[in-house]
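So you know, we letter chains A, B, ... as the sequences are listed, proteins then strands, and number each from 1.
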There are 2 protein chains.
Amino acid sequence: MASTILIYEDNTRLRQSLELLLSEGSGFDVVGAFPDCDDAEGQVGRLQPEMVVMDIDMPGIGGIEGVRVIKSNFPEVKVIMHTVFDDDNRIFECICAGADGYLLKNTSPVKFIQSLEELGEGGAPMSPFIAQKVFQHFRQQNIIAESFNLTGREKEILEHLVKGNSYKMIADKCAVSVDTVKKHLQNIYHKLHVSCGTEAVAKALQHKIIRLD
Amino acid sequence: MASTILIYEDNTRLRQSLELLLSEGSGFDVVGAFPDCDDAEGQVGRLQPEMVVMDIDMPGIGGIEGVRVIKSNFPEVKVIMHTVFDDDNRIFECICAGADGYLLKNTSPVKFIQSLEELGEGGAPMSPFIAQKVFQHFRQQNIIAESFNLTGREKEILEHLVKGNSYKMIADKCAVSVDTVKKHLQNIYHKLHVSCGTEAVAKALQHKIIRLD
DNA sequence: TGATCTATTACCCGATTGTGTAATTGACAG
DNA sequence: CTGTCAATTACACAATCGGGTAATAGATCA
């Protein structure tokens with residue numbers, strides 16, 4: 001039986017092309033196609049599609065908000081992004097908004113159909129380029145600290161700082177004088193090329209010099 | 001021209017099946033197939049494959065270490081995992097170790113070939129189930145946030161703080177007085193249940209209230 | 001319309017932070 | 001054995017931070 005599909009795409013010709021592609025015995029049934037998703041909640045509720053194809057750049061609330069709306073009201077509906085945007089921010093925002101897949105608009109009709117089938121089977125189809133970005137992002141989250149040549153003691157003190165301790169508290173925990181802590185932190189700031197504690201904390205966490213669990 | 005492939009798979013029958021699948025006019029050329037990857041560095045160096053198919057559960061150093069070794073010595077060689085394991089830890093460890101793709105062993109021969117082609121084109125092919133896990137993980141990494149009820153202005157000011165600005169600098173950037181900034185931060189500290197700027201920065205980054213690129 | 005929330009400014013005051021300079025000790029390398 | 005480096009302490013001084021208190025204005029909500 002054919003899977004029901006709802007399309008959001010503001011470009012009229014492309015929208016019609018998609019409708020055509022998903023008509024004739026493709027195994028899909030387009031139950032609606034709109035140029036914007038300002039009433040996504042109503043439309044999805046009324047038309048009960050199993051999947052939604054969602055453009056990003058549309059007049060009105062735009063596709064990312066669209067996904068969010070649909071997913072928060074109908075979590076079981078599969079939403080796949082279909083867009084020209086391939087920048088990291090947009091990709092990750094969509095995924096976090098609840099998108100189940102991400103296809104670039106240069107995807108061939110054959111691949112497009114395959115992807116929708118995969119979507120129906122519970123997969124998370126994405127264009128090769130997107131998949132690569134996702135993997136990259138994963139790795140970046142876990143690179144080993146770029147060594148700023150901090151000494152053991154310096155790392156120890158920085159860690160206390162990151163955990164919210166004042167100079168005095170650090171001094172106590174390390175059993176040294178406040179002046180020593182002050183000196184160490186001064187050296188640390190130089191090594192990290194920062195000028196204050198907050199910046200140092202940000203850099204330490206960003207570069208995973210210190211990790212919080 | 002055929003892409004050169006190296007296979008690591010300890011199950012003899014499966015290894016031979018893969019060799020067979022990738023032989024006859026498939027567009028691939030198997031330049032080696034071994035039951036373990038203890039000498040991956042030497043073998044990859046000698047055989048110069050473009051891609052490596054890597055099992056995980058093998059005698060000796062195992063596939064995950066294998067990927068790490070190959071990727072750190074030959075970053076340009078594409079490595080795709082081929083395994084029965086579908087647990088989160090194993091998946092993410094492989095990705096972080098540098099794997100370029102991840103296929104489960106229930107993948108059909110057709111999909112397997114397609115995936116290797118996609119791998120050659122710079123993609124990151126993965127089984128639907130894996131893709132879904134990856135997306136899920138992404139979302140989990142990025143939920144938490146909201147619960148602190150920071151107002152828009154507060155988030156804005158917190159962001160400046162995280163980026164290393166002093167009260168005075170923030171005041172300038174936001175075009176308000178230092179006292180206003182001070183007041184906002186005071187409120188922010190209360191909402192985040194922290195007592196100083198460094199702690200607030202740590203919490204903001206930890207809970208992804210603010211994200212640094 | 002009155003209550004609440006957000007954003008804003010102001011002032012006081014003590015505590016903390018950050019810089020500079022200087023000196024001592026022990027460890028380790030050349 | 002001499003120089004370098006990590007770790008340590010000390011002191012002085014300026015700047016910044018953080019708390020408390022209070023007040024105004026606009027927006028939103030009930």
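- What separates CD of A:Glu199 from P of C:dT17 is a distance of 16 Å, to the nearest Å.
- Taking 4.0 Å as the cutoff to heavy atoms of chain A, we find the contact window on DNA chain D bounded by D:dA6 to D:dA12.
- By the side chain to side chain donor-acceptor pair (under 3.5 Å) test, A:Lys71 pairs with A:Asp100, sequence neighbours left out.
- For residues 164-174 of chain A, the set of pairs meeting the salt bridge (charged side-chain N to carboxylate O under 4.0 Å, His left out) definition, not counting sequence neighbours, is empty.
- With the end axes of the helix from C:dT1-D:dA30 to C:dG30-D:dC1 each set by five pairs, the angle from one to the other reads 60° at 10° resolution.
- Residues in residues 189-205 of chain A take part in these salt bridge (charged side-chain N to carboxylate O under 4.0 Å, His left out) pairs, two or more places apart or across chains: A:Glu154-A:Lys191.
- A:Asp57 pairs by the side chain to side chain contact (heavy atoms under 4.5 Å, CB included) definition with A:Phe85, not counting sequence neighbours.
- Rounding to whole angstrom units, CD1 of residue B:Ile188 and C1' of C:dT6 are separated by 13 Å.
- Of the possible donor and acceptor atoms, none in the side chain of B:Arg139 sits under 3.5 Å from a partner among the backbone N and O of A:Ala97.
- Every side chain to side chain contact (heavy atoms under 4.5 Å, CB included) that B:Lys105 has, sequence neighbours left out, goes to B:Glu9, B:Leu14, B:Asp55, B:His82, B:Val84.
- For B:Ser72, there are no side chain to side chain donor-acceptor pair (under 3.5 Å) partners two or more places apart in sequence or in a different chain.
- Residue whose closest nucleotide on DNA chain D sits further toward the 5' end, between A:Thr180 and B:Lys168: A:Thr180.
- If you measure from atom CD1 of B:Ile170 to atom P of C:dT8, you get 13 Å, rounded to the nearest angstrom.
- Not counting sequence neighbours, the partners of A:Thr180 by the side chain to side chain donor-acceptor pair (under 3.5 Å) test are A:Ser177.
- Sorted by first and then second residue, the ring-ring contact (aromatic ring centres under 6.0 Å, His included) pairs with a member in residues 48-78 of chain B form an empty list; sequence neighbours excluded.
- Taking A:Glu65 as the reference, A:Arg68 meet the side chain to side chain donor-acceptor pair (under 3.5 Å) condition, with sequence neighbours excluded.
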Next item on the list: Using a 4.0 Å cut-off on protein heavy atoms (strictly under), produce a 5'-to-3' string for nucleotides 18-30 of chain C with B for base contact, S for backbone-only sugar-phosphate contact, and - for none.
Entry: BBBBB--------
